[in-house]
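Below: one structure, written as structure tokens.
So you know, we letter chains A, B, ... as the sequences are listed, proteins then strands, and number each from 1.
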Amino acid sequence: MHDIRLLREAADTLRDAMRRRGEDELAVLVERAVELEQERRTAIQACEERKAARNAASHEVARRKKAGEPADEQLAAARVIGDEIVALEARQAEAQDELDDILAGLPNIPLPDVPAGDETCNQVLRTWGTPRAAGPAPHWEVGARLGLFDLERGAKVAGSGFIVYRGAGARLQRALIALMLDMHTREFGYEEASVPYFVNRDAMVGTGQLPKFEDDMYALRDEPFFAIPTAEVPLTNLFRHEILDGARLPLAMTGHSACFRREAGAAGKDTRGLLRVHQFDKVELVRWCAPEDSPAQHELLTSHAEEVLQRLELPYRVVLLAAGDTGFASAKTYDLEVFAPGVDKWLEVSSCSTFTDFQARRANIRYRPEAGGKPRFVHTLNGSAVALPRVVAAILEHHQQADGSVNIPPALRQYFGSDRIG
RNA sequence: GGACAGGUGGCCGAGUGGUUGAAGGCACCGGUCUCGAAAACCGGCGUACCGGCAACGGUAUCGUGAGUUCGAAUCUCACCCUGUCCGCCA
């Protein structure tokens, strides 16, 4: 959500932001929003003026009654004013509702260093490690041979895109989660949280999944809950409608959760094996900080996600997303992509984003800079560290040995309980 | 799921239709006093929006949303949440 004052003071900034994202039709909507903002204020002024008159009349009624004087005239006048207020309120609500609809659908303003354009304008910033030459078997063949996951039975009990991990496959997943949570809590100062997998509508609006992307979410039939597409939603919304102590920022929390995505419209694209599934596990990092700190916090959070891939000894690259490829709520996003030689592809396993005050404004998360000071919106950031199925795929392919077995990277061995699979 | 009880400002806690944005206390900020601190005393102290360069003025806000009324923290209805007991249960 944008500051409504932007419409008055810097509508150009908003328009330009929409264009940099390639959303020209949204740029047009900004014009309409500017009009509505003006209408809204006019209505508010008229409405509040009438309310002040009514309050004055009511007070006069009270005074007269107390003094034993007649108040019929004042009562009649106040009744008329009441009718006027009803009409003015309706007009105000109408403008406000249309304005809210537009505002709720406008994505965040990309930071200045985010390249304009679509995903073809993404920039690879750096690469760590050396991608392995093509040759290893794709992970679904390894998985089938070693009995690590069971796609057919996952489809039987739920549907296609729901994976059953078995044996060493299930244990690998558990080991990865434990490794990541231990790193983030013991070494990087995150507080661990275990969060609900279902959240209410307000939470989904707070982080920006709703109202625009309702079709991508699983919803329950009899309860007003949505399955979380990422732990970002419950974690970030933890402090919704709260004023945080400025001295305690930045806050950092991590949590593991299952993530549920309908992936509507993604049929047929990279769907083989573990590449695109409806439910997957992920360890998420979330940070809350003062606005001036968010650029540094963004780099820090990204480094924590990178560290996971380094300990797993998986070659990866860091990609700065172009404006058009940057998520709705994000102002700037780094994607981390691991290289999977079996499918000969870079796989996105993390998105590390800074949301500036966009989510904080929607979710009303503020902080008080100093005692007695005015509350300000925090900046929120989050990143996956890291999403599992594709990392599992990358491990099975990158660490695949000539004899068909899979080497477990040293950092993971104490968690996995063995140095190899197969 | 059932039965009660309750949701008031950062916290505690008064307040059942008329200058109540809301007594009192705590916390916090500024000041007096002090070598300094504590105590005491004085003053200040929610949030959001609208207008205004500002000073300031206005409106809203007592879980949420509707309603009654000239006027609602106070009355009505619905919902949400919390607590306790019962039932059920990993």
Considering only atom [atom1], compute the distance from [N] to [M] and round it to an integer number of Å.
N	M	atom1	result
B:C4	B:U8	C1'	22 Å
B:A60	B:U20	C1'	15 Å
B:G10	B:U47	C1'	12 Å
B:U61	B:G43	C1'	26 Å
B:G65	B:C81	P	16 Å
B:G63	B:G58	C1'	27 Å
B:G15	B:G7	P	11 Å
B:U16	B:U68	P	25 Å

Exercise. For A:Arg32, look at atom CZ and say whether over 12 heavy atoms of other residues, nucleotides or ligands are found less than 6.0 Å away.
Key: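 Yes, CZ of A:Arg32 has more than 12 neighbouring heavy atoms, counting only those of other groups under 6.0 Å.
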Quiz item: A:Arg50 side chain to A:Ile85 main-chain N or O, any donor-acceptor pair under 3.5 Å?
Solution: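 No.
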Quiz item: Are A:Tyr218 and A:Arg262 close enough, and set up right, to give a side chain to side chain donor-acceptor pair (under 3.5 Å), and what steps lead you there?
Solution: CA-CA 6 Å; A:Tyr218 286 106; A:Arg262 291 186 63 208; 5.6 Å; no
Quiz item: With a non-hydrogen cut-off below 4.0 angstrom, is A:Arg366 in contact with a base, only sugar-phosphate, or nothing?
Solution: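 Sugar-phosphate, no base atom in range.
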Exercise. Scan A:Arg8 against the nucleic acid and name what it touches under 4.0 Å (heavy atoms): base, sugar-phosphate only, or nothing.
Key: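 Sugar-phosphate: the residue A:Arg8, judged by heavy atoms under 4.0 Å, touches backbone atoms but no base.
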Is there a Watson-Crick or G-U wobble partner for [N] with both distances under 3.5 Å, and if so, which one is it?
N	answer
B:A39	none
B:A22	none
B:A66	B:U76
B:A27	none
B:G9	none
B:A90	none
B:C49	B:G58
B:C4	B:G83

Short side-chain N/O contact from [X] to OP1 or OP2 of [N], under 4.0 Å:
X	N	answer
A:Arg368	B:U47	yes
A:Arg41	B:G51	yes
A:Arg40	B:C50	yes

Quiz item: What string of B, S and - do you get for nucleotides 58-78 of chain B, 5' to 3', if B is base contact, S is sugar-phosphate-only contact and - is no contact with any protein heavy atom under 4.0 Å?
Solution: BBS---------BS-------
Quiz item: Looking at CZ of A:Arg276 and CD of A:Glu348, how far apart are the two atoms once the value is rounded to the nearest 0.5 Å?
Solution: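 Separation between the atoms: 8.5 Å.
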Take the protein atom [atom1] of [X] and the nucleotide atom [atom2] of [N], then report the distance between them rounded to whole Å.
X	N	atom1	atom2	value
A:Glu60	B:G18	CD	C1'	12 Å
A:Glu37	B:C49	CD	P	12 Å
A:Gln45	B:G57	CD	C1'	13 Å

Quiz item: Where along residues 240-252 of chain A does a heavy atom fall under 4.0 Å from RNA chain B?
Solution: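 Within this stretch, nothing sits under 4.0 Å of the strand.
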Quiz item: Looking at A:Glu94 and A:Arg40, does any basic side-chain N land under 4.0 Å from a carboxylate oxygen?
Solution: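 Not counted as a salt bridge, because no side-chain N and carboxylate O are separated by less than 4.0 Å.
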Exercise. Determine, for A:Lys332 against A:Asp113, whether the closest basic-nitrogen to carboxylate-oxygen distance falls under 4.0 angstrom.
Key: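 A salt bridge links A:Lys332 with A:Asp113.
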Quiz prompt | Residue pairs passing the side-chain hydrogen bond (donor to acceptor under 3.5 Å, both in side chains) test where at least one lies in residues 159-179 of chain A, sequence neighbours excluded | solution =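 Residue pairs with at least one partner in residues 159-179 of chain A: A:Asp150-A:Arg166.
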Self-check item: A:Asn108 side chain to A:Arg361 side chain, donor-acceptor N/O pair below 3.5 angstrom
Solution: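 The answer is no; no qualifying pair exists.
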Quiz item: Taking atom types as modelled, is there a side-chain donor on A:Tyr316 or A:Glu306 under 3.5 Å from an acceptor on the other?
Solution: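 Checked: A:Tyr316/A:Glu306 side chains pair up, N/O donor to acceptor below 3.5 Å.
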Quiz item: Under the side chain to side chain donor-acceptor pair (under 3.5 Å) criterion, do A:Glu37 and A:Gln96 qualify, and how do the steps go?
Solution: CA-CA 8 Å; A:Glu37 199 281 324; A:Gln96 186 73 55; over 6 Å; no
Quiz item: Do the numbers put A:Arg362 on top of the ring of A:Phe355, so that NZ or CZ is under 6.0 Å from the six-membered ring centre and no more than 45° off the axis?
Solution: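 No.
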